[in-house]
Amino acid sequence: MLSLSDKLAILSDAAKYDASCASSGTDNRNSLNGKGIGSAGGMGICHSYTPDGRCISLLKILMTNFCIYDCLYCINRKSSNTPRARLKPEEIVSLTLNFYKRNYIEGLFLSSGIIRNADYTMECIIAVARTLRKVHDFRGYIHLKTIPDASKELIADAGNWADRLSINVELPKKQSLAKLAPEKNAEDIEASIQRIHQKEVEYEAAKRQKPKVKPPRFAPAGQSTQMIVGADDSNDLNILNRANTLYNSYKLRRVYYSAYSPIPEPSSDLPPIAPPLVREHRLYQADWLLRFYGFKVDEIVNESSLDLDLHCDPKMSWAMRNPDFFPIDLNQASREEMLRVPGLGVRNVDRILNIRRWHLIRLEDLQKIRISLKKILPYIELVNYHPKRAHFNSFQSIECSSRLNQMELFSAKTTAANGEL
Amino acid sequence: MKYVQNPHDLKSWIQEARDLVQAEIPPNEVEWVPSEELYLELENPTPLSDKPSIYEVPKAFLILAETVACHRNPEKWALLYCILWKLIFKDKHLLQVGLDESVRTCQVMIKQVRRDCHKMKAFVRFRALSVAENSAEKHYVSWYEPEHLIVQRMAPFFQKRFTQMRWSILTPDECMHWNGKKLFFSNGASKVDAPEGDDYENLWLTYYQNTFNAARLKVKAMQTEMPKKYWKNLPEATLIESLIEKGQAMDISRKFDAH
Ligand code: SF4
């Protein structure tokens, strides 16, 4: 008989390959008028960090790691002989509540291997969330993994209890999924993502009508997904195109990129070594450019350069390929143009726009708001500063080669679950 | 030079500052001193002038002052007075432009206070005590050492989150207690006043250990978010060293070779 601690060890170990641990972006709520505990909303809280640089925000576990599928990249696949365990619903409920009461976590992220069939598995997962909400009036964060192929009704029910739902697309290319996860099907996965999106749209529409009776809640923190990087031969263009489609068609909140981590007893169809973690880091940066900086995929990677430059961040890399775009006059440029300047982030661009309302920007102003001049000077123009083009060109190469040495040190703050760049 | 005793909260500072402004004493003629250094009795109270006492102060200033007042550095009072003075007599847009030296110092302080608040939400750890022998009711007690004076500021967060629990957060500055209905504050405590150990702590350590992926060691990234100064009150931090060793022992061939 496995003890609770043994089971927890097995099932948290089995769940750690999911990168998401976010607890942000759900509706604001607290327990003041409730019978239980919990609050949520706003930016989410990371309660601890492990030495892999990832944050712990949620109790991230599998209900069980028994699985009838045989996805080659997964440690829980049917054919692996990893130790197995299964937690009872009441054990998961009690772990969640007791961890929460000690302020270890923001809530629960529950996933599971497939047992019996998709619907049965989904029902078991939902039962845990329902008990937390209905019996214990738990108002913390709940993220449920949605089992692809689970029925429409079950997905609607899951969204009623969960803040966030997610289905992993796993691999960027359909063919790779067919090869590495024979029981899974890229079309079915996408159909499930589409169904969740549909429910979100309906929920938003129902809310807008301001009905007297509140419409049943549906996953206020939206849905996310994860792609494994480096387990197949997909290039970064494949990956970013896929991500871009998911963002555009289904309004996903986040796409997580998880560098393939070699699992014990890997299949021979898998690469023996992991991809460099810096690739994952560059993908997150590119993802950020797509979502917040107005970049298009083909400005970042395209048919003539299929992969991101590991030595240089994608924004700098774009700047080097487009020298004619610069210098940018910070007193004239639009927000979008300024966002293209390497070293100028969203926050600083907004600060500059604000100062511009009062007076013309001078070099001293940039110093005062502590922008790294060294980084941005080659790209900008000010009333009292005009760069020389030659300087611009030589500067870039120095910048990029000096980054080479910092590679090991790159801050994984960006790739940590909250994903801020 | 006018010597003023450091106020102990924002409310008394506002009182003091109002008198000073009314007497038109500029910031460079005021010295804010800790009470224990105040040898000179305040035999010369600020003369009250008969000018109208209404000065327009933007709301943004009060919001800023509320956060700055939580900073541990006592120079905050002089800084705030300096800004107040400029707002009233020099430039009422001072805060919006945001380029003034004292405003920027305040912004740095605000950032530090906010970060400290966020970390307190994250790193407080409760331990459960039975209220009485054989009683199922628990009292959740935490020992925490915030960097700034944020206990009162953080009270609503814990109150709204752990409403149906009885809890206490003990800190060196002051302690707060919630009995499910009311909030109390008491004087500062020390670590020995807090309980040791808890039934769930081992399970939490089990979780921490197993959710760690030894194949991707990034100690620096961990430390930027969870600096060492917090480790002493985090039960899971006792595992960090052994986990790092485990990570280092794993195959290092996967390290990215830049050349
Ligand atoms: S379905 Fe595939 S990925 Fe999910 S637990 Fe089973 S084997 Fe692993």
Side-chain angles (χ1 to χ4, degrees), chain A residues 4-5 8-10 12-13 15-17 30-32 34-39 45-56 59-61 95 98-99 101-104 259 261-262 273-274 276-278 310-311 351 354-355 357-359 365 368-369 404-405 407-409 411-413 415-416, chain B residues 93 96-99 101 104 118 121-128 138 140 142 157 159-165 198-204 206-226 234 236-237 240 243-244 247 251 253-259:
Chain A
L4 180 59
S5 170
L8 177 63
I10 293 172
S12 47
D13 184 86
K16 73 182 169 203
Y17 300 96
N30 62 55
S31 290
L32 282 186
K35 297 193 301 292
I37 49 164
S39 58
I45 298 168
C46 294
H47 284 273
S48 196
Y49 290 81
T50 42
D52 53 19
R54 284 183 165 163
C55 100
I56 299 182
L59 168 63
K60 178 161 60 178
I61 44 169
L95 274 173
N98 279 299
F99 276 17
K101 285 179 180 169
R102 286 153 182 82
N103 206 38
Y104 301 157
S261 210
I273 51 158
L277 286 184
V278 67
L310 295 185
H311 300 160
R351 278 193 192 134
N354 177 48
I355 301 172
R357 284 168 47 211
W358 305 95
H359 59 75
D365 297 331
K368 282 185 188 165
I369 54 174
L404 209 74
N405 304 325
M407 202 78 71
E408 292 290 330
L409 305 175
S411 154
K413 191 179 168 196
T415 48
Chain B
H93 297 302
Q96 283 141 293
V97 186
L99 288 173
E101 184 68 42
R104 281 186 301 110
H118 192 69
K121 290 181 190 173
F123 297 151
V124 156
R125 295 285 181 265
F126 287 112
R127 285 171 166 162
K138 304 270 190 221
Y140 293 85
S142 168
F157 171 82
Q159 191 182 335
K160 288 177 186 171
R161 168 162 289 210
F162 300 112
T163 313
Q164 300 304 323
M165 275 162 48
D198 174 288
D199 291 350
Y200 273 82
E201 220 156 85
N202 279 332
L203 287 168
W204 169 239
T206 303
Y207 177 66
Y208 183 82
Q209 207 161 348
N210 285 285
T211 198
F212 163 64
N213 188 346
R216 33 185 310 155
L217 203 58
K218 289 194 210 162
V219 182
K220 262 216 156 123
M222 168 188 67
Q223 286 198 21
T224 356
E225 294 301 330
M226 197 168 82
L234 292 170
E236 67 270 27
I240 292 176
L243 294 184
I244 292 176
D251 189 5
S253 69
R254 61 193 308 283
K255 253 198 195 163
F256 176 57
D257 180 4
H259 304 285

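All values derive from a computational prediction rather than experimental measurement. Residue numbers begin at 1 in each chain, while the letters A, B, ... track the order of the sequences.
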Revision key, fill the gap. Per-residue tally against chain A (heavy atom, under 4.5 Å) across B:Ile240, B:Leu203, B:Asp199 peaks at B:Leu203

Practice item. Go through the atoms of A:Leu59 and report whether side chain, backbone, both or neither lie under 4.5 Å from a heavy atom of chain B. Key: both

Point to revise | Straight-line distance of A:Leu32 CG to B:Gln164 CD, nearest 0.5 Å | key: 9.5 Å

Check your understanding: Under 6.0 Å from the NZ atom of B:Lys160, do we count more than 12 heavy atoms belonging to anything else shown?
Key -> no

**Study point:** Heavy-atom proximity to chain B below 4.5 Å, by part of A:Lys35
**Key:** backbone

Practice item. Go through A:Ile10, A:Leu4, A:Ile45 and name the one with the most non-hydrogen pairs under 4.5 angstrom from chain B. Key: A:Ile45

Check your understanding: For B:Ala221 and A:Gly53, which heavy atoms make the closest approach, and how far apart are they?
Key -> CB-CA, 3.9 Å

Practice item. Can you measure from CD1 (A:Ile37) to OG1 (B:Thr163) and round to the nearest 0.5 angstrom? Key: 9.0 Å

Practice item. Locate the shortest heavy-atom distance separating A:Arg102 from B:Ala128; write the atom from each residue and the value. Key: NH2-CB, 3.5 Å

Practice item. Flag the one option from B:Gln223, B:Gln159, B:Arg127, B:Glu201 with the top tally of heavy-atom pairs under 4.5 Å to chain A. Key: B:Glu201

**Study point:** By side chain to side chain contact (heavy atoms under 4.5 Å, CB included) - contacts of B:Ser142 (at least two apart)
**Key:** B:Val124, B:Phe126, B:Tyr144, B:Ile169

Check your understanding: How many angstroms lie between atom CD of B:Gln96 and atom CZ of A:Arg357, to the nearest 0.5 angstrom?
Key -> 6.5 Å

Check your understanding: Checking ring-ring contact (aromatic ring centres under 6.0 Å, His included) against A:Tyr104, which of B:Tyr200, B:Tyr208, B:Tyr207, B:Trp204 comes through?
Key -> B:Trp204

Practice item. Side-chain contact test, heavy atoms from C-beta onward, threshold under 4.5 Å: evaluate it for B:Met222 versus A:Thr50 and give yes or no. Key: no

Exercise for review: List the atom of A:Asn103, the atom of B:Arg125, and the distance in Å for their closest heavy-atom pair.
Suggested key: O-NH1, 3.1 Å

Practice item. Sort A:Ala15 into side chain, backbone, both or neither according to what part of it lies under 4.5 angstrom from a heavy atom of chain B. Key: neither

Revision key, fill the gap. Scanning both residues in full, the closest heavy-atom pair of A:Ser48 with B:Glu236 reads OG-OE2, 2.7 Å

Check your understanding: Which heavy-atom pair separates A:Cys46 from B:Ala122 by the least distance, and what is that distance?
Key -> O-CB, 3.2 Å

Exercise for review: Taking side-chain hydrogen bond (donor to acceptor under 3.5 Å, both in side chains) as the test, write out the residues that go with B:Tyr140, two or more places apart.
Suggested key: none

Practice item. Can you see which heavy atom on A:His47 is nearest to which on B:Arg161, and at what distance? Key: NE2-NH1, 4.1 Å

**Study point:** Geometric class of the A:Trp358/B:His93 ring pair [parallel <30°, tilted 30-60°, perpendicular >60°]
**Key:** tilted

Check your understanding: Checking heavy atoms, do the side chain of A:Asn354, its backbone, both or neither come under 4.5 Å from chain B?
Key -> side chain

Practice item. Would you indicate whether the side-chain heavy atoms of B:Arg216 and A:Arg54 approach each other to under 4.5 Å? Key: yes

Review point. With chain B, which of A:Asn98, A:Leu95, A:Ile61 has the greatest number of heavy-atom pairs at distances under 4.5 Å?
Key: A:Asn98

Exercise for review: Please examine the side chains of B:Leu99 and A:Asp365, heavy atoms only from C-beta on, and report whether any two atoms are closer than 4.5 Å.
Suggested key: yes

Point to revise | Partner chain A: residue of B:Asn202, B:Thr211, B:Val219 with the largest heavy-atom pair count (under 4.5 Å) | key: B:Thr211

Revision key, fill the gap. Per-residue tally against chain A (heavy atom, under 4.5 Å) across B:Thr206, B:Asn213, B:Leu234, B:Leu243 peaks at B:Asn213

Review point. So which part of A:Ile56 gets closer than 4.5 Å to some heavy atom of chain B, the side chain, the backbone, both or neither?
Key: side chain

